[in-house]
Amino acid sequence: MLSAITSLSEKDGDTGPQEEHWMITLQQVFYPVLATVGIPSNIITFLIFWKRNCLLSKSSTFYLMAISLADTLVLVLIVVLELVVKYYQREPFWSLQPWCGLREVFNYGAYNASTWLVVVFTAERFLAIHLCRIKTKLCTSKRAFLIIGGIFLLSNLLAIPYYWSNVSVSYGVSSKNQTKWRCIYTRKGPHFVHALVWTQTMLVYVLPFLSILTLNGLTLRQIFLSNRIHATAELTPGYFKVKPLMLSRKRKSVVLLVTVSMSFVLLSITRSITQIILRTTHIDGIDRNNYNLQINVAADIGTMLSLSNAAVNMYLYACTQAKFRQEFISCFTHIFFPLN
């Protein structure tokens, strides 16, 4: 998914001297560190939610476990097997078919699932906060399990067309008289590739952003109205005192909801903007290895920020959820200081 995540245009030339650019060096360091930090973090998060009681509903726990699983797949498939391998191996194994096409299917499937799990978690928490009377019917563990399974299935089904978007081509002979190969976007059927690119942009950026911002906006509006009602009740003698939303048990759900969903939007916004620019002003493709073009620098920085989404959730939970932080510290203590 290098051509899909790092760039959405053909990469036809060797990197050559461009490898000396500081962006290359930054990415060579950043992606291994991201994987080293993110993969263990996601595994620990999954185990804490699975084995410990973090005072969250069963449905929320299932969604957060699923997000940890999808994020781990993103880090393994995209960050490690594609980006790290690309920077540290002259001819990656996925340069040849069938891996050239399968790489795109697996990577898009993982990235789609990671994105839409955040969206459905946002929607589930929105319903739980706003529809208190029927949330026991809507926000159940069984329903969450079915929705999660459906998202993983649809994410991978929608990624299948990408198998035909890439092709393995030879571009020379090595010093050992062996043919060199690379995996690039196919030049056959450019309208097919552009349709896939725009569909993916809508699927993982435009629609998720609109959904998350709308749901969070409605939630914050409800908080504002609830607090106004509380303030009015405090000034009315004999009026039934209503506990404001942000001071109730819903506060934890609201904080968790806004933190997870908005961090996703903020870390992904640069990537989404740069990809739209590339697809509208450079529709015929540009040399994405030429870092003298500022759009290439911005696009790769956006990619780094976007992929960071897959590694930061444990730290967000620890900062916003006291019970999760307590369980994490307990696990850390038992692992590294077993005798204390």
Side-chain angles (χ1 to χ4, degrees), residues 1-19 21 23-24 27-28 31-32 35 73-114 155-201 203-204 271 275 278-279 282-291 293 296 299-300 303-304 306-307:
M1 199 175 178
L2 179 59
S3 52
I5 288 295
T6 303
S7 77
L8 291 174
S9 59
E10 292 87 342
K11 301 185 295 296
D12 295 323
D14 293 329
T15 53
Q18 289 294 334
E19 290 183 350
H21 194 277
M23 270 302 300
I24 297 291
Q27 291 174 90
Q28 288 176 333
Y31 288 121
L73 291 175
V74 168
L75 292 173
V76 171
L77 294 172
I78 299 176
V79 175
V80 176
L81 294 183
E82 181 171 354
L83 293 169
V84 174
V85 169
K86 177 245 182 181
Y87 284 115
Y88 288 95
Q89 191 173 347
R90 184 174 295 274
E91 187 175 308
F93 69 92
W94 40 257
S95 298
L96 295 170
Q97 291 288 11
W99 303 113
C100 178
L102 290 175
R103 180 196 68 179
E104 298 294 274
V105 175
F106 293 145
N107 290 358
Y108 272 115
Y111 197 78
N112 293 345
S114 176
S155 295
N156 285 278
L157 288 177
L158 290 172
I160 290 176
Y162 286 93
Y163 180 84
W164 295 277
S165 67
N166 279 23
V167 62
S168 180
V169 298
S170 61
Y171 66 100
V173 179
S174 67
S175 58
K176 297 181 180 180
N177 202 31
Q178 294 178 333
T179 302
K180 295 189 291 185
W181 299 85
R182 62 167 169 257
C183 183
I184 65 171
Y185 268 124
T186 179
R187 292 186 180 278
K188 298 179 181 179
H191 297 298
F192 170 70
V193 173
H194 287 154
L196 287 179
V197 167
W198 276 110
T199 300
Q200 184 68 10
T201 301
L203 186 65
V204 298
R271 164 74 183 168
Q275 290 310 306
L278 284 171
R279 298 277 41 91
H282 303 284
I283 192 168
D284 294 325
I286 61 173
D287 180 8
R288 287 284 282 109
N289 296 309
N290 180 10
Y291 287 105
L293 300 176
N296 287 338
D300 282 1
T303 297
M304 294 164 67
S306 180
L307 290 175

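Worth saying up front: this structure is predicted, and the values here are computed from it rather than measured.
When every heavy atom of Val105 is checked against every heavy atom of Ile160, the shortest pair comes out as CG2-O, 3.9 Å. Across Ser168 and Trp181, no two heavy atoms sit closer than the pair OG-CE3, 3.5 Å. Shown here for Asn290 and Asn296, the closest heavy-atom pair between the two residues is O-ND2, 2.6 Å. What you find for Ala110 and Leu77 is that their closest heavy atoms are CB-CD1, 4.0 Å. Heavy atoms only, all atoms of each residue included: Cys183 and Arg103 are closest at SG-NH2, 3.7 Å. Of all non-hydrogen atoms in Ala159 and Gly109, the two that sit nearest each other are CB-N, 3.6 Å.
Ser114 pairs by the side chain to side chain contact (heavy atoms under 4.5 Å, CB included) definition with Ala70, Asp71, Val74, not counting sequence neighbours. Partners of Leu102 according to the side chain to side chain contact (heavy atoms under 4.5 Å, CB included) rule, which considers only residues two or more places apart in sequence or in another chain, are Pro98, Trp99, Phe106, Tyr163.
There is no side-chain donor-acceptor pair under 3.5 Å between Gln200 and Tyr108. Donor-acceptor pairing under 3.5 Å is lacking for the side chains of Thr303 and Tyr31. Using a 3.5 Å distance cut-off with no hydrogens or angles, the side chains of Ser95 and Arg182 do not pair a donor with an acceptor. Side-chain atoms of Gln97 and Asn166 include no donor-acceptor pair closer than 3.5 Å.
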One pair to check against side-chain contact (heavy atoms from CB on, under 4.5 Å): Trp94 and Leu81. What are the steps and the verdict? CA-CA 9 Å; Trp94 40 257; Leu81 294 183; 5.5 Å; no
Might you work through the side-chain contact (heavy atoms from CB on, under 4.5 Å) test for Val80 and Leu75, ending with a clear yes or no? CA-CA 6 Å; Val80 176; Leu75 292 173; 5.6 Å; no
List the steps and the verdict of side-chain contact (heavy atoms from CB on, under 4.5 Å) for Leu196 and Thr199. CA-CA 5 Å; Leu196 287 179; Thr199 300; 5.7 Å; no
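Between Pro32 and Tyr88, the closest side-chain pair of non-hydrogen atoms falls below 4.5 Å. Looking at Met23 and Met304, their side chains come closer than 4.5 Å, going by heavy atoms from C-beta outward.
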